[in-house]
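Data block below; observations after.
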Protein chains: 2
Amino acid sequence: MPASSRTGFQEVRDEVLQRIQDRVWAQGALLPTELELAEEFGCARATVNRALRELADRGIIDRKRKSGTRVAVTPVKQAKLEIAVVRQQVEEMNAAYRYALVAQTEKASPDWLTAQIGLPQETPVLHLKCMHYADNRPYQFEERWISTAAVPQVRQANFSDVGPNEWLLAEVPFSDAEITLSAEPADPTTAGFLDTAPGTALFRMERATWFQGQPLTFVRMTFHPGYRMTTRY
Amino acid sequence: MPASSRTGFQEVRDEVLQRIQDRVWAQGALLPTELELAEEFGCARATVNRALRELADRGIIDRKRKSGTRVAVTPVKQAKLEIAVVRQQVEEMNAAYRYALVAQTEKASPDWLTAQIGLPQETPVLHLKCMHYADNRPYQFEERWISTAAVPQVRQANFSDVGPNEWLLAEVPFSDAEITLSAEPADPTTAGFLDTAPGTALFRMERATWFQGQPLTFVRMTFHPGYRMTTRY
DNA sequence: CAGTGGTCTAGACCACGGT
DNA sequence: CCGTGGTCTAGACCACTGG
């Protein structure tokens with residue numbers, strides 16, 4: 001036997017992908033059935049199934065019972081955004097991470113927040129402002145609201161040393177989140193924290209988080225000027 | 001027998017996820033082996049395997065041979081960014097889509113581009129400027145460079161009616177891409193196209209594309225003021 | 001109705017990596 | 001060494017859907 005082992009699902013997956021990229025099977029074209037491919041590759045149908053399922057998950061092909069498998073007309077471009085904790089991001093740049101708590105108050109949820117994440121009216125929320133630094137240069141200004149009804153233990157937490165992001169990750173399970181990315185001009189306060197001029201274009205990421213339908217927290221992260229978020233696919 | 005059918009991989013997957021969210025298995029905790037779970041759920045090991053594999057793909061659990069399966073300490077927050085064609089985006093908002101070609105020139109690749117996507121020096125590139133409108137209001141300003149060496153048929157293409165984005169998707173296969181998101185102040189030209197003031201904070205997405213290692217195209221998409229990109233997970 | 005993918009099974013062997 | 005996950009198989013039945 002040659003060194004290469006027998007046909008595995010990865011080989012099938014890669015070979016099919018290759019044929020699609022090389023236009024052996026053009027866009028919208030019908031692929032052979034799983035059974036036919038299994039015969040061609042000399043493996044079980046389950047192996048072909050797994051290979052094709054992975055390609056379908058990536059949006060490369062469309063599968064329908066009875067109709068068969070087709071090359072997707074619009075290859076779904078889905079990029080994975082890796083959302084890391086700020087400290088990790090900074091440390092991966094080989095920069096020294098520093099965190100500072102700026103302000104902490106508890107009050108009734110403002111109306112815009114109530115509406116945005118679906119809180120009951122007059123719910124008390126803990127409002128935090130924090131700064132994250134990389135090598136002592138401003139990296140991210142974080143403004144966060146936490147529902148004290150949904151996360152009662154937050155009252156005992158001390159955010160002087162550990163940021164609310166890491167605390168919540170460790171303490172509170174969550175099931176769903178919604179992320180919004182945008183570009184915003186720096187307001188005077190944010191500009192001050194990020195050591196830039198008001199009006200500067202800043203990259204912002206907002207995230208609302210729920211646990212089994214119950215709103216937990218909303219965070220607005222505004223990054224230093226020039227910040228870029230990159231991903232591959 | 002109760003109405004619910006027999007145990008499938010989705011039930012196993014959801015039940016395991018539930019137990020993790022409910023902290024039945026805390027962060028870093030060791031889960032039972034596949035064999036044990038298969039016994040508990042009354043199904044084959046392959047079924048448990050598929051359930052756990054999906055959770056591992058989502059970053060919920062970490063699996064290692066011999067060590068076993070553990071709840072991930074830092075649940076990898078990976079959001080899928082769906083990158084749709086501009087026309088689709090606009091039409092999904094129930095707005096009328098309009099496209100216009102602004103300029104088209106062919107010249108040697110500028111140095112910054114050569115470096116950015118790894119083109120050989122002095123490579124000729126086709127440079128396009130386009131506008132995309134939603135209900136006749138500026139939606140996106142697109143600036144694109146296409147390697148005419150890698151995509152020779154681009155010389156015959158007519159970009160008066162169909163945007164380069166859609167043309168490339170239909171004509172040219174590609175295998176890899178790198179996406180960068182940022183916030184930029186509007187330069188005078190862009191501000192003019194997007195009908196806003198210079199310096200306005202604008203959301204920008206850049207994408208470089210390769211086919212089997214060969215650079216094909218680079219596109220810079222700058223969106224109208226107030227644009228927001230949203231995703232869930 | 002019949003073709004195609006979707007899933008499950010019971011068993012098997014392999015590969016990695018702690019002990 | 002040997003436990004655990006990774007994968008493959010041959011066969012089976014089911015579910016959806018186009019004709």
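Below, read A as the first sequence line, B as the second, and so on, with proteins coming before strands; counting in each chain starts at 1.
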Is the phosphate of D/dG5 approached by B/T69 (side-chain N or O, under 4.0 Å from OP1 or OP2)? yes
May I ask you to say whether B/R19 pairs ionically with B/E40, meaning some side-chain N is under 4.0 Å from a carboxylate O? yes
If you measure from CG on B/L216 to CZ on B/F211, what distance do you get to the nearest 0.5 Å? 8.0 Å
Quick test: give all pairs of protein nitrogen or oxygen and nucleotides 15-17 of chain C nitrogen or oxygen below 3.5 Å, distance rounded to 0.1 Å.
residue : atom : partner : partner atom : Å
C/dA15  : N3   : B/R65   : NE           : 3.2

Contact summary for A/Q27 and A/A72, nearest pair of heavy atoms: CG-O, 4.1 Å
What about A/Y139 and A/H132, are their ring centers closer than 6.0 Å? no
Can you check the B/F9 CZ to C/dG6 C1' distance for me, whole Å? 8 Å
Atom pairs and distances, donor-acceptor, side-chain atoms in residues 173-182 of chain B, under 3.5 Å, two or more places apart:
residue : atom : partner : partner atom : Å
B/S175  : OG   : B/W210  : O            : 3.4
B/S175  : OG   : B/Q212  : N            : 2.7
B/E178  : OE1  : A/R232  : NE           : 3.3
B/E178  : OE1  : A/R232  : NH2          : 3.2
B/T180  : OG1  : A/T230  : OG1          : 3.3
B/S182  : OG   : B/E184  : OE2          : 3.2

Less than 4.0 Å between a side-chain N and a carboxylate O, is that true for B/E34 and B/R53? no
Grab the CD-P distance between A/Q10 and C/dC14 for me, whole Å please. 18 Å
Taking only residues two or more places apart in sequence, or in another chain, which ones meet B/E142 in a salt bridge (Lys or Arg N to Asp or Glu O under 4.0 Å)? B/R144
Using ring pair (Phe, Tyr, Trp, His ring centres under 6.0 Å) as the criterion, list what pairs up with B/W167, not counting sequence neighbours. B/F159
Report the distance from atom CE of A/M205 to atom CG of A/L81, rounding to the nearest 0.5 Å. 8.0 Å
Please check if any side-chain donor atom of A/T123 sits under 3.5 Å from a side-chain acceptor atom of A/S109, or the reverse. no
Whole angstrom value for the distance that separates C1' of C/dG6 from CD of B/E11: 14 Å
Counting only non-hydrogen atoms, which of residues 30-39 of chain A are less than 4.0 Å from DNA chain D? none
Distance, nearest 0.5 Å, that separates CH2 of A/W145 from CG of A/L128: 10.0 Å
Round to a whole Å and report the spacing from CZ of B/R70 to C1' of D/dG5. 14 Å
Per the under-4.0 Å heavy-atom filter, residues of residues 43-54 of chain B near DNA chain C come out as B/C43, B/A44, B/R45, B/A46, B/T47, B/R50
